[in-house]
> 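Once you've had a glance at the structure underneath, I'll fire off some questions.
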Amino acid sequence: MSRVNNRKPSAGSLYKSFGYALRGLGRVIVSERNMKIHTAVAACVLALAAWLRLPAEDWPPLLICIGMVMGLEAMNSAVERAVDLASPGRHELAGWAKDAAAGAVLIAAVAAAGVGLLILGPPLWSRLFG
Ligand SMILES: Nc1ncnc2c1ncn2[C@@H]1O[C@H](COP(=O)(O)OP(=O)(O)OP(=O)(O)O)[C@@H](O)[C@H]1O
């Protein structure tokens with residue numbers, strides 16, 4: 001028989017979950033070089049978008065891409081830690097899992113770079129050379 005979770009969600013537990021999530025993000029930003037790079041690139045993209053006064057409809061794709069890349073990087077860090085815990089020694093499956101998680105970040109980052117170029121490129125070009 002499956003166990004049923006009868007705990008009622010409370011405002012306190014919701015608040016705590018946000019706290020755990022923010023603590024997790026903080027740890028990833030502090031300890032992962034790639035996450036620092038993603039954070040810096042995201043800040044530059046948002047500053048550039050504001051400077052170029054992009055129209056409202058151009059902002060959602062940029063925000064989605066930033067969220068996708070940073071979210072997947074956090075998930076990649078979680079996979080790395082979980083794999084290291086489960087398989088401290090070298091194992092083919094451990095390498096497979098880490099490579100696949102890193103591949104997910106790479107796909108998102110390449111797609112985000114394409115979206116960023118398409119959205120920011122033309123207005124930046126005309127601001128600089130137009
Ligand atoms: N336990 C493991 N077994 C097999 N291959 C691994 C293992 N850990 C990491 N690898 C391989 O090394 C790559 C990089 O992994 P990771 O970023 O965790 O660094 P690392 O090799 O553990 O060393 P470090 O964290 O010191 O750079 C992985 O994508 C995978 O190909």
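For ligands, and for the atoms within them, numbers begin at 1 and follow the listed sequence.
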> Tell me whether S17 contacts the main-chain N or O of S13 through its side chain, where contact means a donor paired with an acceptor under 3.5 Å.
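Yes, S17 side chain to S13 backbone: donor-acceptor pair under 3.5 Å.
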> What protein heavy atom lies closest to atom 17 (O) of ligand 1? Include the residue and the distance to one decimal.
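For atom 17 (O) of ligand 1, the nearest protein heavy atom comes out as E80 OE2, 3.6 Å.
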> For the atom pair CE (M68) and CG (L63), what is the distance rounded to the nearest 0.5 Å?
12.0 Å
> Carefully, step by step, assess D84 and K98 under the rule side chain to side chain contact (heavy atoms under 4.5 Å, CB included).
CA-CA 10 Å; D84 287 342; K98 284 189 176 185; 2.7 Å; yes
> Working to the nearest 0.5 angstrom, can you tell me the gap between D58 CG and L52 CG?
10.0 Å
> N/O to N/O below 3.5 Å, does that happen between D84 and ligand 1?
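So ligand 1 has no N or O lying under 3.5 Å from an N or O of D84.
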> Please identify which atoms of ligand 1 are closer than 4.0 Å to at least one heavy atom of S87.
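Every atom of ligand 1 under 4.0 Å from some heavy atom of S87: 1 (N).
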> Checking contacts now, so for atom 22 (O) of ligand 1, which I'm interested in, is there any protein heavy atom under 4.0 Å?
yes
> Say you draw a straight line from CD1 of I119 to CG of L124; how long is it, rounded to the nearest 0.5 Å?
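Here the interatomic distance stands at 13.5 Å.
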> For atom 16 (P) of ligand 1, find the nearest protein heavy atom and state the residue, atom name and distance (0.1 Å precision).
K98 NZ, 3.9 Å
> Is the CD atom of E57 crowded by more than 12 outside heavy atoms at less than 6.0 Å?
yes
> Considering only the protein, which heavy-atom contact is closest to atom 7 (C) of ligand 1, and what is its distance?
R90 NH1, 3.6 Å
> So for A102, does at least one of its heavy atoms come nearer than 4.0 angstrom to any atom of ligand 1?
no
> If you compare all heavy atoms of W59 against all heavy atoms of L54, which two are closest, and at what distance to 0.1 Å?
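Closest approach of W59 to L54: NE1-O, 3.2 Å.
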> Could you tell me whether some N/O pair between A94 and ligand 1 is separated by less than 3.5 angstrom?
no
> Working to the nearest 0.5 angstrom, can you tell me the gap between I37 CD1 and E32 CD?
11.0 Å
> Is the shortest distance from a heavy atom of A101 to ligand 1 less than 4.0 Å?
no
> Using a 6.0 Å cut-off, check whether atom CH2 of W96 has over 12 heavy atoms from anything other than its own residue.
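No - once you tally the heavy atoms of other residues, nucleotides and ligands closer than 6.0 Å, there are 12 at most.
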> Any protein heavy atom sitting closer than 4.0 Å to atom 10 (N) of ligand 1?
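Under the 4.0 Å cut-off, atom 10 (N) of ligand 1 does have protein heavy-atom neighbours.
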> Measure H91 to ligand 1 on non-hydrogen atoms and call it side chain, backbone, both or neither using the 4.0 Å cut-off.
backbone
> Going by distance only, is there an N or O of D99 that falls short of 3.5 Å from an N or O of ligand 1?
yes
> Among all protein heavy atoms, pick out the one at the shortest distance from atom 1 (N) of ligand 1; state its residue, atom name and that distance to 0.1 Å.
G89 O, 3.2 Å
> Can you check atom 29 (O) of ligand 1: any protein non-hydrogen atom closer than 4.0 Å?
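Yes, there is one.
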> Counting only non-hydrogen atoms of the protein, does one fall under 4.0 Å from atom 14 (C) of ligand 1?
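Protein heavy atoms within 4.0 Å of atom 14 (C) of ligand 1 - there are none.
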> Return the minimal non-hydrogen interatomic distance between K36 and I29, and the atom names on each side.
CG-O, 3.3 Å
